[in-house]
Amino acid sequence: MERLNDDIQTLRNRIEELAAVKRIFATPDGALLLRSLRRLAGDQLPRYRQNAHELAYAAGLADTVFRLEKFASSSLEELNTQLELCEERKKIDDDLLD
């Protein structure tokens, strides 16, 4: 039961975060931010990749940009459906315990 409550809260948080990311990226400044992150993570700035530390930093930034874009492309409808299913499961569990 505790796990189900945690899952519901996690889904609510992800929905809120995803909505905010989508709102931000829909603005001109958000698009500029994403373009800048892609440029920084790409190989267009070789002067910042002169040693192992800088290469590792660039790889980490590239991974972050990839994950952010993947998250931003997630479906709010799918997350809402998952949340509804979890809430229904919780209601059924609550009814069984009563």
Side-chain angles (χ1 to χ4, degrees):
M1 185 72 118
E2 182 71 29
R3 170 118 167 95
L4 194 53
N5 288 332
D6 290 345
D7 290 347
I8 289 171
Q9 188 57 47
T10 298
L11 282 168
R12 285 181 180 153
N13 291 343
R14 288 190 69 205
I15 289 168
E16 180 183 13
E17 292 160 0
L18 179 57
V21 166
K22 286 182 178 285
R23 254 190 335 270
I24 291 166
F25 283 172
T27 67
D29 287 341
L32 180 62
L33 171 65
L34 188 56
R35 190 177 76 211
S36 296
L37 287 172
R38 284 185 192 132
R39 186 176 54 79
L40 287 171
D43 57 0
Q44 298 171 352
L45 301 172
R47 67 180 177 268
Y48 295 114
R49 289 161 181 77
Q50 296 178 353
N51 60 46
H53 176 74
E54 291 170 351
L55 285 170
Y57 180 79
L61 184 58
D63 183 61
T64 300
V65 171
F66 171 78
R67 289 173 186 263
L68 181 60
E69 288 181 314
K70 184 176 176 183
F71 179 67
S73 69
S74 298
S75 167
L76 278 171
E77 292 79 21
E78 183 180 315
L79 287 176
N80 278 315
T81 300
Q82 289 177 13
L83 178 60
E84 288 171 8
L85 291 173
C86 280
E87 287 174 337
E88 285 177 24
R89 199 172 333 134
K90 182 180 182 310
K91 186 179 182 308
I92 291 169
D93 288 351
D94 289 346
D95 288 347
L96 289 174
L97 290 175
D98 289 341

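Residue numbers start at 1 and run along the sequence shown.
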Donor-acceptor contacts, no H, no angles, side chain residues 81-90, under 3.5 Å, sequence neighbours left out:
residue, atom, partner, partner atom, Å
T81, OG1, E77, O, 2.9
E87, OE2, R12, NH2, 2.7
K90, NZ, D94, OD2, 3.1

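Residues satisfying the salt bridge (charged side-chain N to carboxylate O under 4.0 Å, His left out) criterion with D95, sequence neighbours excluded, are K91. In this view, D6 satisfies the side-chain hydrogen bond (donor to acceptor under 3.5 Å, both in side chains) rule with no residue, not counting sequence neighbours. Residues passing the side-chain hydrogen bond (donor to acceptor under 3.5 Å, both in side chains) test with D93: none are found, sequence neighbours excluded. For the side-chain hydrogen bond (donor to acceptor under 3.5 Å, both in side chains) test, residues two or more places apart in sequence or in another chain that qualify with R3 are D7. Checked against side chain to side chain contact (heavy atoms under 4.5 Å, CB included), L33 has the following partners two or more places apart in sequence or in another chain: L37. The side chain to side chain contact (heavy atoms under 4.5 Å, CB included) check on A72 picks up V21, F25, with sequence neighbours excluded.
Heavy atoms of other residues, nucleotides or ligands lying less than 6.0 angstrom from CZ of F71 number more than 12.
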Could you walk me through whether Q9 and N13 satisfy the side-chain hydrogen bond (donor to acceptor under 3.5 Å, both in side chains) test, starting with their C-alpha distance in whole Å, then the side-chain angles of each, then the deciding distance to 0.1 Å, before giving a yes or no? CA-CA 6 Å; Q9 188 57 47; N13 291 343; 3.0 Å; yes

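Evaluation of the side-chain hydrogen bond (donor to acceptor under 3.5 Å, both in side chains) test over residues 58-67, restricted to residues two or more places apart or in two chains, returns D63-R67. Under the side-chain hydrogen bond (donor to acceptor under 3.5 Å, both in side chains) criterion, no residue pair touches residues 14-34, with sequence neighbours excluded.
Under the 4.5 Å side-chain heavy-atom criterion for Ile, Leu, Val, Met, Phe, Trp and Tyr, F66 and L40 are members of distinct hydrophobic clusters.
Between R35 and L32, the closest heavy-atom pair is NH2-CD1, 3.0 Å. Nearest approach of A41 to A62, heavy atoms of both residues: CB-CA, 3.5 Å.
Taking Ile, Leu, Val, Met, Phe, Trp and Tyr as members and joining any whose side-chain heavy atoms lie under 4.5 Å apart, directly or through other members, the hydrophobic cluster of I92 also contains L96.
The distance from the CG atom of L79 to the CD1 atom of I15 is 5.5 Å, given to the nearest 0.5 Å.
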